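Quick caveat, the model's predicted, so the values are computed rather than measured. Throughout, protein chains are lettered first and strands after them, A, B, ... in sequence-line order, and every chain is numbered starting at 1.
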There are 2 protein chains.
Amino acid sequence: MVHFRRKLLSHGGLLRQLKQHIRWSSSLKIRNDEVVSPDRSFKYADLSVRLAAPHQLHPKPEVSALSFGKYFTDHMLKVFYYEALGGWQTPEITPLENLVLHPAAKVLHYAVELFEGMKAYRGVDGKIRLFRPDLNMDRMNASALRSGLPTFNSTELINCINRLISIDQEWVPHSEASSLYIRPTLIGIDPTLGVASSESALLYVILCPVGSYFKTSSEQEGVSLLADPRYTRAWPGGCGDRKMGSNYAPTIQIQREALEKGLQQVLWLYGDDDQLTEVGTMNIFMFYINENGEKELITPPLNGLILPGITRQSILTLSREWGQFKVSERVITMQEVCRLLSENRLLELFGAGTACVVSPISYIKYIDQGLHIPTMEQPNPVFKMFLKHLTEIQYGYLPNHPWAFPLD
Amino acid sequence: MVHFRRKLLSHGGLLRQLKQHIRWSSSLKIRNDEVVSPDRSFKYADLSVRLAAPHQLHPKPEVSALSFGKYFTDHMLKVFYYEALGGWQTPEITPLENLVLHPAAKVLHYAVELFEGMKAYRGVDGKIRLFRPDLNMDRMNASALRSGLPTFNSTELINCINRLISIDQEWVPHSEASSLYIRPTLIGIDPTLGVASSESALLYVILCPVGSYFKTSSEQEGVSLLADPRYTRAWPGGCGDRKMGSNYAPTIQIQREALEKGLQQVLWLYGDDDQLTEVGTMNIFMFYINENGEKELITPPLNGLILPGITRQSILTLSREWGQFKVSERVITMQEVCRLLSENRLLELFGAGTACVVSPISYIKYIDQGLHIPTMEQPNPVFKMFLKHLTEIQYGYLPNHPWAFPLD
């Protein structure tokens with residue numbers, strides 16, 4: 001984590017020296033430790049639990065019927081925040097229930113909302129594990145700061161989430177093709193129409209057993225992408241590096257356009273040189289043969305346009321530990337992709353994120369070109385090495401790994 | 001309205017020819033008449049009304065105590081949309097009540113939400129009038145298309161809103177310093193976590209009597225602005241020209257930063273040349289003496305970065321009708337503002353929007369410079385002419401004006 005933060009700061013330092021990048025520096029301040037003050041947090045020790053009555057329990061769906069984010073478990077975690085009442089209230093676990101919001105609640109008008117995506121995995125040893133939840137909590141606090149929403153102590157929330165999962169532990173699928181998706185959410189609920197910071201908020205966590213994010217078998221075939229330079233996901237001086245709801249609504253119409261063209265996801269480009277920034281809701285990686293004939297893995301740098309993904313960070317760290325190929329964080333352009341393809345030097349393109357883990361790319365529709373990407377034709381693709389290694393950590397094949405957080 | 005749309009298209013035509021502006025064209029398609037199909041709308045004729053019981057009625061606040069968006073009237077309008085049930089359901093007026101939402105509702109995670117801002121005015125003749133609500137409805141449908149939310153027939157919603165206002169008509173303040181603010185809102189409510197178009201939605205309208213948007217007497221003193229080139233409100237290929245919730249959350253932290261520096265609003269800049277785009281939640285206008293020694297009014301063009309404001313459009317039309325000075329829609333840069341100030345050629349800067357009507361600007365903090373803007377020192381400022389004329393239309397001093405829509 002220390003490494004993670006230092007990385008961001010060093011980018012900030014470099015960029016601040018460049019006049020044309022002045023806009024970028026602001027979004028590199030990932031957190032301000034004075035503002036994330038642990039003593040202004042709710043406490044796990046105060047957690048109250050109200051269990052669902054037997055008749056309120058829901059039947060668990062078949063693992064084979066799971067799709068992404070459709071079925072929810074029996075309980076949820078809620079923590080209210082009221083500035084006027086001293087801030088965070090006591091956390092509570094309750095049966096999963098509807099939220100009751102004033103129609104003027106800021107979240108419904110000005111998108112005062114942010115979320116995280118995490119998973120719990122049932123391991124080969126029967127233990128349930130989280131994967132690097134501390135990084136999700138840090139990112140959630142960074143999003144809260146950028147949104148005018150209250151921050152909290154990471155460990156307190158992890159402990160509350162662990163308790164919630166242990167109550168609903170029978171919902172963690174008994175399958176390595178599935179897991180329990182965890183959705184911490186923080187919304188501004190002031191019932192006033194001024195565009196301003198929130199004096200009241202609700203942090204809640206819901207859980208859903210999930211199968212594969214994509215409906216087709218993308219692991220076998222690779223996903224197809226629409227790369228349309230007319231649309232931009234994030235921009236310097238904006239919030240593209242925070243997991244705020246406002247980054248997602250603008251993408252929905254473009255995603256629909258991709259589906260209408262028979263393509264599965266959107267490849268988000270930026271700038272006059274059509275830089276590759278993200279793919280769908282994932283970070284993007286390219287594995288290729290560089291100018292020196294070496295194999296190299298690259299991904300765009302955390303320059304303010306890129307979500308600092310936990311899977312992204314883990315893949316970079318693993319690659320550097322393995323030392324089998326060069327690893328760089330630098331800008332990738334569509335021109336470079338086209339050139340590498342024409343020279344048979346592009347080996348793999350893949351997305352990485354919590355929902356999809358690692359997702360190989362096989363095709364890009366770019367303006368009037370259809371680009372075939374040979375990711376699925378490599379004899380021993382690196383994306384499968386990452387998928388295998390991350391899965392082994394998550395499902396307990398590598399016991400006591402520091403990235404796996406078993407439930408007590 | 002026809003003029004309004006033609007304006008947008010002609011900008012689109014010009015820009016498409018410029019390679020560097022390729023990203024802008026997509027956001028210029030304000031609406032697609034094939035998609036906004038009136039026969040897929042709810043109908044005013046189907047409206048049901050459930051009035052509040054006497055004990056549910058709220059006391060009306062004193063006009064002097066009004067601030068923006070804090071008090072709400074006794075009733076609201078609601079129309080649900082369920083794709084699986086054939087689309088729009090029957091509209092209903094009910095007592096103002098909390099909304100009940102599944103915690104996975106898309107609006108709470110991916111900012112699937114948009115809104116409008118309109119006002120009802122109690123005229124000198126006792127009649128209540130709306131101001132150009134047809135333009136708000138067109139813009140609302142344009143926002144819906146961009147958000148993957150259902151569209152509707154404008155006239156049907158205006159009729160439903162008129163009925164709502166007539167039920168709560170005693171809430172329309174008896175004062176020309178106040179009005180009844182109308183907030184139509186459309187949110188995606190599918191209880192699933194995929195980032196996708198909404199198959200269920202809720203359109204609702206709430207009303208609140210409002211005084212001045214700003215707390216201090218900005219009409220006497222002018223507002224002070226923070227212009228910080230590190231932050232960007234909208235960008236080519238984004239949604240800056242739609243009234244979507246996602247445009248607002250990213251502004252809250254910067255607005256707070258302005259307040260902490262003793263400044264009232266943010267002046268949003270864009271690009272390497274620091275173009276002035278919007279001010280707070282308003283469009284911006286500059287009145288100055290041009291190269292030919294003529295007085296000229298300018299505002300940034302609708303290039304995709306600018307919200308097509310109703311007040312903006314009305315000011316442009318009035319100016320062209322009056323013919324007293326030149327009127328242009330073109331880019332304004334901070335360099336130009338500084339130069340005009342140093343040559344004593346900048347006469348006025350002001351914001352324009354429904355909430356604030358016309359709001360004079362007296363100071364800009366720009367990087368390390370404090371720029372005094374002489375808006376308040378002009379003997380007969382144009383901003384006051386616009387304010388007076390718009391107020392006269394809105395409050396019925398100019399009877400039967402085509403921009404005023406009286407309630408039956």
Counting only heavy atoms closer than 4.5 Å, note whether [X] contacts chain A via side chain, backbone, both or neither.
{"X": "A104(B)", "answer": "both"}
{"X": "R233(B)", "answer": "backbone"}
{"X": "L99(B)", "answer": "both"}
{"X": "F72(B)", "answer": "side chain"}
{"X": "I187(B)", "answer": "side chain"}

Taking side chain as everything from C-beta outward and backbone as N, CA, C, O, which of these in I206(A) sits under 4.5 Å from a heavy atom of chain B? Side chain, backbone, both or neither.
side chain
Output yes when a side-chain donor or acceptor of R256(B) lies under 3.5 Å from a complementary backbone atom of A196(A), and no otherwise.
no
Tell me which of these, [options], has more heavy-atom pairs under 4.5 Å with chain B than the rest.
{"options": "S147(A), S197(A), G117(A)", "answer": "S197(A)"}
{"options": "K106(A), Q253(A), E113(A)", "answer": "E113(A)"}
{"options": "G245(A), G148(A), A234(A), S198(A)", "answer": "G245(A)"}
{"options": "N247(A), L108(A), V112(A)", "answer": "L108(A)"}

Looking at [X] and [Y], what are the two nearest heavy atoms and their distance?
{"X": "L96(A)", "Y": "H102(B)", "result": "CD2-NE2, 4.2 Å"}
{"X": "Y204(A)", "Y": "H109(B)", "result": "OH-NE2, 3.4 Å"}
{"X": "A111(A)", "Y": "A249(B)", "result": "O-CB, 3.1 Å"}
{"X": "T192(B)", "Y": "K70(A)", "result": "CG2-CG, 4.2 Å"}

Results of side-chain contact (heavy atoms from CB on, under 4.5 Å) for A144(A) - residues two or more places apart only:
L114(A), L149(A), T151(A), L186(A)
Compare all side-chain heavy atoms of [X] with those of [Y] and state whether any distance is below 4.5 angstrom.
{"X": "Q255(B)", "Y": "V195(A)", "answer": "no"}
{"X": "V100(A)", "Y": "L101(B)", "answer": "no"}
{"X": "T185(A)", "Y": "P103(B)", "answer": "no"}
{"X": "V107(A)", "Y": "V107(B)", "answer": "no"}

Side chain to side chain donor-acceptor pair (under 3.5 Å) filter on E199(B), not counting sequence neighbours, yields none
Drop me the distance from L193(A)'s CG to F115(B)'s CZ, to the nearest 0.5 angstrom.
8.5 Å
Between I252(B), D190(B), I254(B), which shows the greatest number of heavy-atom pairs under 4.5 Å with chain A?
I252(B)
Does CD in Q335(A) sit with more than 12 non-hydrogen atoms of other residues, nucleotides or ligands closer than 6.0 Å?
no
